[in-house]
Number of protein chains: 2
Amino acid sequence: MSGARPAGARPAESQTLSALLGIRQLILDRELAPGDRVSELVMVERLGVSRTPVRAALIRLEHEGLLTALPGGGYEVRGFSWQEMVDAIELRGVLEGTAARFAAERGLEPGRIRALEDTLDALDAVLAADPLDMEAYIALNRSFHEAVVACARSSVLREQLERVVALPFAGPSAFVDTHGTSREAQHSLVIAQSQHRAVLEAIVMRQGMRAEMLMREHARIARRNLEIITRAGLPDGAVPGLHLIRNRE
Amino acid sequence: MSGARPAGARPAESQTLSALLGIRQLILDRELAPGDRVSELVMVERLGVSRTPVRAALIRLEHEGLLTALPGGGYEVRGFSWQEMVDAIELRGVLEGTAARFAAERGLEPGRIRALEDTLDALDAVLAADPLDMEAYIALNRSFHEAVVACARSSVLREQLERVVALPFAGPSAFVDTHGTSREAQHSLVIAQSQHRAVLEAIVMRQGMRAEMLMREHARIARRNLEIITRAGLPDGAVPGLHLIRNRE
DNA sequence: TGTATTCATTCTGTATACAGGTTACGGAGG
DNA sequence: CCTCCGTAACCTGTATACAGAATGAATACA
């Protein structure tokens, strides 16, 4: 304990944001394990900010779902059961599916359609390259998913989705990069891309329910990848949010 | 300004909870209108608590969706467009529908089925009585909806739903008691009850998709009621969360 | 008269001091 | 050896003091 040295956080624009990002990073980096109590004073020492911004960050992280409030006061890192992870993925599918349906029902201006097609073309290009640029894939994949949500033109839906996606294992690119270069993994990406195309087609053709169901099924790829990872034995450190899994109970 | 006198809040177990309930009540009671800046010091004076619990309450209310953070710091009361209200209702339908589907897919133990049937029987009794006990109806209706969510056995889904239902116009009993004793209103309640029965039947028969779609349609009753209220001209004060509607933009 | 500038006020963000409660540890008794 | 209890340390909830930024008004100038 050499004093107030920020550990997991780079200096942010505000102390509150710094604390929020810092604590979240500590959890994601496995320096705080599920069930660990998150003491305010410890966070103050680790992050080099005072109690007030730490407190604000803890409240936000509780709402985000990464922390649980203890009955006697204070917080602990939340653990998730396997079923809860699967549910979160399914829930993302439900909400993104609703976004796709809204987009189909409400219609897209041509500019939006072009932008979505461009993103998918870029994804095709990434998939065609032999040394697969996984980072580019994740960025473009995320971009497509966010664009679909934007096309739904519903702030309420967008906010709800942001809350689900905040969970580290529920994002649109969760569990994709894990088994890297295997043939099965590449096939998975090809299937996902064909689903992207189908979703966009359904939206353009104003087929709301088709778009919704396609998007749901699309999300279930993440579930399948999670099952593969789970069956393959847990490297635990290799997968971003997997260490939050809770075997007990 | 006669000093530190709690205005809209009764003394709660903790100052933070007191501030949370107090500010929320101030918004619901139209003492704070959409667009109004919510000053911390003003809340301190009105609620008789210090800035720290007020601050915590403001953060929570922002996550709840009732407040918006201003770019220069601080918060203002959020206003909702008519479309946003409709979207919130639809979103509740989507999530409750998913809960019904989960319940159907995962199965119910007989005790749960009995409890749900009892609730619906009680609702029938309330509907049969001539001076309609609207308070009892709302309580039982809420009870049924919460029970369905509980039957889904998914904490992630439950938490998401709580966040939607937190919006004052998105609850399961939103806009029901407004047109009170009219014939049309009673028919609406009868239809809703028949949908309750159908949802339960679908869940028991493990018809997941049927249960989901029935629940979605069930939520749309609230939308229809909202349309009726809107067309009937706005009494604004008569309906709980309606004053949060924002005509501009 | 319109506009830009400057200054004062007010607010939030941040830090810290204080009090009550909770928990953990150690000792005494059964 | 186990259990119960008391004490002490710690931790959270709360209140308040301080600093910087944003806001608004008043004024000087074009």
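Please read these numbers as outputs of a predicted model, since none were measured by experiment. Lettering of chains follows the sequences in order, A, B, ..., and the numbering in each one begins at 1.
Taking every side-chain heavy atom of B:L41 into account, C:dC11 is the closest of C:dC11, C:dA15, D:dT12. For B:V49, whose side chain is taken as the heavy atoms from C-beta onward, the closest listed nucleotide among D:dA15, C:dC11, D:dG13 is D:dA15.
Going from atom CG of A:L20 over to atom P of C:dG13 covers 14 Å, rounded to whole Å. Between A:L47 atom CG and C:dA15 atom C1' there is a gap of 15 Å when expressed in whole angstrom units. Regarding A:E76, its CD atom lies at a distance of 13 Å from the P atom of D:dT12, rounded to whole Å. Atom CD in B:E40 sits roughly 18 Å away from atom P in D:dC18 (whole-Å rounding). As rounded to whole Å, 13 Å separates atom P of D:dA21 from atom CD of A:Q15.
Residues A:S50 and A:Q15 form no side-chain contact, since every pair of their non-hydrogen atoms from C-beta on lies 4.5 Å or further apart.
Taken residue by residue, residues 50-73 of chain A places heavy atoms nearer than 4.0 Å to DNA chain C at A:S50, A:R51, A:T52, A:P53.
Here A:V42 lies out of heavy-atom contact (under 4.0 Å) with every strand.
Summarising the geometry, atom CZ belonging to B:R55 is positioned 6.5 Å from atom OG1 belonging to A:T16; distances are rounded to the nearest 0.5 Å.
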### Task
Assess whether side chain to side chain donor-acceptor pair (under 3.5 Å) is satisfied between A:E84 and B:S155, documenting all intermediate values.
CA-CA 7 Å; A:E84 284 173 322; B:S155 58; 2.5 Å; yes
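Take A:R153 and apply the side chain to side chain donor-acceptor pair (under 3.5 Å) test, not counting sequence neighbours, and it matches no residue.
Residues A:E64 and A:R24 are paired through a salt bridge, judged by an N-O separation under 4.0 Å between the basic side chain and the carboxylate.
Applying the 4.0 Å criterion to OP1 and OP2 of C:dT10, one finds that B:S39 has every side-chain N and O outside that range.
Ring pair B:H63/A:H63 is tilted by interplanar angle, where 30° to 60° counts as tilted.
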